[in-house]
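Let me give you the structure first, and then I'll get to my questions.
In this text, all values refer to a predicted model and were calculated from it rather than measured experimentally. Read the numbers this way: they start at 1 and go in the same order the structure lists the ligands and their atoms.
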Amino acid sequence: MLAGRFAPSPSGSLHLGNLRTAFAAWLVAHQNEAKFFLRFEDLTTGAAPIAQAEQVHDLALLGLTHDGEVTRQSDRTALYAAAIKQLEQRGMTYDCYCSRREVREAAAAPHGAGAEGSYPRTCVKLTRAQVNEHKRAGRRPALRLHGSAGVHSGGLYTDDFVLRRADGVAAYNLAVVVDDADQGIDHVVRGDDLVETTPRQILLQHLLGYSTPSYLHVPLVVGPDGERLSKRHGAVGLLDLIPLGYTPEQILGWLAYSLGMTAEQTPITAKEAVGVFSVQNIPAEPWVFDPTRLRSE
Ligand code: GLU
């Protein structure tokens, strides 16, 4: 393996769920003596410099170092535009004027769409008159990948997902594929909330002539209510936990235990963890973290 990455959205500070995924990604890279890059997926959040600085600080505090410069998607829009243009020029795309609501409603209609939630291809064959009508109404189109593009290239089939949003911003699936290829990422470790995006990304890699990295999707961390961990659950980030007196090694110890590396939640450093980590031992179920437990310890 040559290079891995952690690609958070700078939408706030990292919580234990994000940190756990970052730790796993860092460990896979370090066990394989691969590079490990940090990339901010800031296309939809805006630059958010404070959140970025906090996230860099948190990762550094845990010893989850990264190689090279931090990259930001907002600096790389020309790369995304070039990839989109390639697909457009090959006739693999079409404009879509549907609003989110229209997509939702059409997908829910009987006989409407194929797979649940997939785009029902309403705009695949718009007449000139229909296009003009949308334009008169001031609608701007998103750009979708034409389904037949997938069938023609290795039989991968996904719905006609968005490549460029109506506001002109490259969609996540497109941007992440371009970035992973451009940075030579050959293994991706990320949260399993993204597992469903993977076929779309693999299809784009085929179409754009990129190689496909290996993928490892790590189960999420949930609160005691079974919901995905968030601030609402209490002290879930380093900004809360460090002032409570927990050390970075203690926190890494919880994460190491949760990743199946240790029998008990004993403090550990990131470097020490490299020797005991094994992908095979990561539990398949979400890890339940209960911040209310902290007070009584
Ligand atoms: N930005 C995504 C997230 O924060 C991760 C994307 C990826 O790893 O492909 O969940």
message: Side-chain heavy atoms nearer than 4.5 Å, only ILVMFWY residues, links allowed to pass through others: does that put Phe23 and Val276 together?
response: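 Yes, one cluster joins them.
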- request: Take Arg72 and Arg39, measure what side-chain contact (heavy atoms from CB on, under 4.5 Å) needs, and give me the verdict at the end.
  value: CA-CA 6 Å; Arg72 292 177 183 82; Arg39 181 169 79 222; over 6 Å; no
task: Sequence neighbours left out, what passes ring-ring contact (aromatic ring centres under 6.0 Å, His included) with Tyr210? Give chain and number order.
output: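 Result, ring-ring contact (aromatic ring centres under 6.0 Å, His included) vs Tyr210: none returned.
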query: Parallel under 30°, tilted from 30 to 60°, perpendicular over 60°: which one fits the rings of Phe289 and Trp287?
result: tilted
- prompt: ligand 1: which residues have a non-hydrogen atom closer than 4.0 Å?
  reply: Arg5, Ala7, Pro8, Ser9, Glu41, Tyr172, Val176, Arg190, Leu194
Verdict with reasoning, Asn281 to Leu259, per side-chain contact (heavy atoms from CB on, under 4.5 Å): CA-CA 7 Å; Asn281 292 342; Leu259 288 166; over 6 Å; no
query: In terms of ring plane angle, is the pair His134 and Tyr97 parallel, tilted or perpendicular, where the classes change at 30° and 60°?
result: parallel
